[in-house]
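Reminder, nothing fancy here: chain letters follow the sequence lines and each chain counts from 1.
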Number of protein chains: 4
Amino acid sequence: MAQNKREAILKAAMELFGELGYDGTTMPMIADRAKVGAGTIYRYFENKETLVNLLFQDCVVTFSEVLQHGLPQNNQDLQEQFHHLFSRMVEFARNKASALNFIDSHANSHILDDTSKSIFNDFMDHIRSYLENGKKYNIIIDMPSDALISIVYGAFSYLYRLIRNGQLKETPELLQNVEECCWKAISKSSEN
Amino acid sequence: MAQNKREAILKAAMELFGELGYDGTTMPMIADRAKVGAGTIYRYFENKETLVNLLFQDCVVTFSEVLQHGLPQNNQDLQEQFHHLFSRMVEFARNKASALNFIDSHANSHILDDTSKSIFNDFMDHIRSYLENGKKYNIIIDMPSDALISIVYGAFSYLYRLIRNGQLKETPELLQNVEECCWKAISKSSEN
Amino acid sequence: MAQNKREAILKAAMELFGELGYDGTTMPMIADRAKVGAGTIYRYFENKETLVNLLFQDCVVTFSEVLQHGLPQNNQDLQEQFHHLFSRMVEFARNKASALNFIDSHANSHILDDTSKSIFNDFMDHIRSYLENGKKYNIIIDMPSDALISIVYGAFSYLYRLIRNGQLKETPELLQNVEECCWKAISKSSEN
Amino acid sequence: MAQNKREAILKAAMELFGELGYDGTTMPMIADRAKVGAGTIYRYFENKETLVNLLFQDCVVTFSEVLQHGLPQNNQDLQEQFHHLFSRMVEFARNKASALNFIDSHANSHILDDTSKSIFNDFMDHIRSYLENGKKYNIIIDMPSDALISIVYGAFSYLYRLIRNGQLKETPELLQNVEECCWKAISKSSEN
DNA sequence: CATGAATGAGACTTCATTCAT
DNA sequence: AATGAATGAAGTCTCATTCAT
């Protein structure tokens, strides 16, 4: 039951931070949604800032693990690797919708501490290293990795924001199309 | 001098809201940065919520005008129109960096009122109608416009976030590359 | 202890509102006198306006109950009933001096909500119905009840204002005299 | 035009203080109603406190003068003198309704300075001296003058509060009746 | 003289955090 | 361990007062 409460708090905080932002969310709101007393939060987390940072790190690490899971290690078929990455991102967006929302809405937040920033950077490094590899093999166009990330991750992030809003309906077809668009965007156009 | 203060308040608010978010920004912070007394803000704006909404509407309308300005009206060359749109977005991102930051960080905020949402929607409609047209002429791939927007605007938005962060350096070359990527992403790949 | 604080807040508020008026009393003043933190007031009362209205209703209901308590129900001896009413008013003025002060100083206040006004009206209706009865039995002179109330309640209210000020000393003799004066004022003078 | 503004300010302040109380009235409210700039008030009155005190003194002096005007000086017919006093009070209540309201709602206010209190006392002394005289001649019953004042002035004050509220309609008949009641209340009952 | 824009002290109120139960 | 009543620092906003025009 103890870890139960911790999890409930993290879940409630994740949802609320995602909806209202860190500063727009109050500790009583979190306690209410987690169905615990306000004081209980402080048995598990030092304070609000610690909570948000631990949560952020948690979410990013999970995202990272999802991305790593079963990544084909042969560096040859980069489009297959891309497909894997994109599929994993979609998987995470689906299964952990509020985690993705929370990450994206707080990745540039002023409350992130160095650990959080560093873990987020490590996470992005995974994607960067994939892209670097693709550039090395002349499959992915030669641009700063962060620019490529903007295109792929920016699109992905915005896409799921619209899906959450209900502006877009998440269909396999849509996802496949967006993946193709992103691949077209960053890969050398030679495929015919 | 009177409009002077109003402008100073709007500028300070735009910057701070962009940096710290609506809830993370306090009225005294705004007053300090605008170099006015705290009470002065309330001579020009009813309250914090009104301020952020007027500001948001202001920024979106300006962005919209920048996009409209000199848009080629011949519907023939859609890539040229795309170039125009993208260039205007870049122009806005450059000249009004903090306006773009503010818009992007608050476009989904819980504090936007109906007017703000509606104006933002109108703004997106300009882009949507361009995309619809492109689909009609079989130049742009057949996907929901909002999905296409995710790709182009999502990429653009994320790109300038990284540029503001200093993670990416804004060079003409970079911008041209990203524009090409986006065009490749959404246009029928037949160009040869 | 919980109701303790609520009571302490109500008591402090009653005294201060009576002394300084609603607008002249600040929440910190109330908190100080009640020996609670400023925020504590808001655990018990939604806001200052709610507080003053609940308090007003409380005081009026108590006053009303005091007046009702043990009222002789035989409609025959109206002077005896008058004596009862006046005695009860005096009892209230003595035991709940600051409640009376608060009521009288806020009965026409712009901050009273409809419930408060309605409860105060109900209270006055008790006195009115007594007077109506007296007029029916030809014991009390034929004047609008509110005019009779002005004479009796107006005198009573002013009297205790002077007593609180220290301008008058409250003695049994004084009270008996005033009661007689009021009775003489409103009763048909024929009794001999 | 200069004294014009001063008068306009005093009139506006008198009305607003009467309606909303000293602390419930703001200087901009007064300026608005007086149709002068907010700063203009400070050309005529040092500050809000000075304004309310000068105003109070003004009103009380005027009331006093009205009462004195044409007072029959023969000490013989005390009921006639009473009639005169009561009539004058009524005259003031009619012609200077908001002045009476202001006086009565601020006579016990915490913002009155010593001068104001002293002037109000002088005013009451006029009534007191009349009553003392009446007691000396054995026409008015032997009670502390302030108790007699409670009865007469308290009734009068409350009566006009109800008239202002619209709860009572001011008719010559009503006024005559109330006067008689008051006279009955305080005079030796020998008149038949 | 008159104004009203500007100010900042201080009001009401919220909320992160503590602590007695 | 869990709670939620209590707190007071800090936020939003008002308003008496000043001063440049």
Side-chain angles (χ1 to χ4, degrees), chain A residues 1-6 9 22-32 34-51, chain B residues 1-6 9 23-32 34-51, chain C residues 1-6 9 23-32 34-51, chain D residues 1-2 4-6 9 23-32 34-51:
Chain A
M1 172 98 192
Q3 285 317 301
N4 228 354
K5 287 196 192 285
R6 197 185 132 94
I9 291 164
Y22 173 77
D23 291 299
T25 301
T26 72
M27 296 299 261
M29 280 180 198
I30 296 171
D32 278 0
K35 289 185 182 144
V36 300
T40 305
I41 300 178
Y42 290 86
R43 301 210 132 271
Y44 294 96
F45 305 96
E46 198 184 330
N47 53 35
K48 195 184 178 187
E49 212 174 315
T50 303
L51 168 59
Chain B
M1 172 98 192
Q3 284 316 304
N4 225 356
K5 292 203 189 277
R6 191 177 192 276
I9 292 164
D23 291 302
T25 302
T26 72
M27 295 300 259
M29 281 179 196
I30 296 171
D32 280 359
K35 286 183 184 147
V36 300
T40 303
I41 300 177
Y42 292 87
R43 290 197 64 73
Y44 294 96
F45 305 96
E46 200 184 328
N47 53 34
K48 196 184 177 187
E49 213 174 314
T50 302
L51 168 59
Chain C
M1 171 101 191
Q3 286 316 304
N4 226 356
K5 291 202 189 278
R6 193 176 191 277
I9 291 163
D23 291 302
T25 302
T26 72
M27 295 302 259
M29 281 179 196
I30 296 172
D32 280 359
K35 286 186 183 143
V36 300
T40 303
I41 300 178
Y42 292 87
R43 290 197 65 72
Y44 294 96
F45 305 96
E46 201 184 328
N47 53 36
K48 195 184 177 187
E49 213 174 313
T50 302
L51 168 58
Chain D
M1 173 96 193
N4 227 355
K5 287 195 193 286
R6 198 187 131 95
I9 292 164
D23 290 301
T25 302
T26 70
M27 296 298 262
M29 280 180 198
I30 296 171
D32 278 1
K35 289 186 180 143
V36 300
T40 304
I41 299 177
Y42 291 86
R43 300 212 134 271
Y44 294 96
F45 305 96
E46 198 184 331
N47 53 33
K48 196 185 177 186
E49 214 175 313
T50 302
L51 167 59

Look at Tyr44(B) and dA5(E) and indicate whether a side-chain polar atom (N or O) is within less than 4.0 Å of OP1 or OP2. no
In Å, rounded to the nearest 0.5 Å, how long is the span from CG of Leu51(D) to CD of Glu49(D)? 10.5 Å
How many angstroms lie between CD1 in Ile9(A) and CE in Met27(A), if you round to the nearest 0.5 Å? 8.5 Å
Using a 4.0 Å heavy-atom cut-off to protein, can you give one letter per nucleotide of nucleotides 13-21 of chain E, 5' to 3': B if the base is in contact, S if only the sugar-phosphate is, - if neither? BBSSBB---
Closest non-hydrogen contact found for Ala38(C) with Ala31(C) is CA-CB, 3.7 Å
Heavy-atom pair with the smallest gap, counting every atom of Lys5(B) and Thr40(B): CD-CG2, 4.2 Å
Identify the nucleotide, in any strand shown, that forms a Watson-Crick or G-U wobble pair with dG11(F), with both distances under 3.5 Å; if there is none, say none. dC12(E)
Using purine N1 to pyrimidine N3 plus N6-O4 or O6-N4 for Watson-Crick, or N1-O2 and O6-N3 for G-U wobble, both under 3.5 Å, which nucleotide pairs with dA20(F)? dT3(E)
Write down the distance between [atom1] ([X]) and [atom2] ([N]), rounded to a whole number of angstrom.
{"X": "Phe45(B)", "N": "dA5(E)", "atom1": "CZ", "atom2": "P", "value": "14 Å"}
{"X": "Leu51(B)", "N": "dC13(F)", "atom1": "CG", "atom2": "P", "value": "10 Å"}
{"X": "Arg6(C)", "N": "dA6(F)", "atom1": "CZ", "atom2": "C1'", "value": "16 Å"}
{"X": "Ile41(B)", "N": "dA6(E)", "atom1": "CD1", "atom2": "P", "value": "12 Å"}
{"X": "Asn4(A)", "N": "dA1(F)", "atom1": "CG", "atom2": "P", "value": "15 Å"}
{"X": "Lys35(D)", "N": "dT3(E)", "atom1": "NZ", "atom2": "C1'", "value": "17 Å"}

Report the residues that fulfil side chain to side chain donor-acceptor pair (under 3.5 Å) with Thr26(B), sequence neighbours left out, ordered by chain and then residue number. none
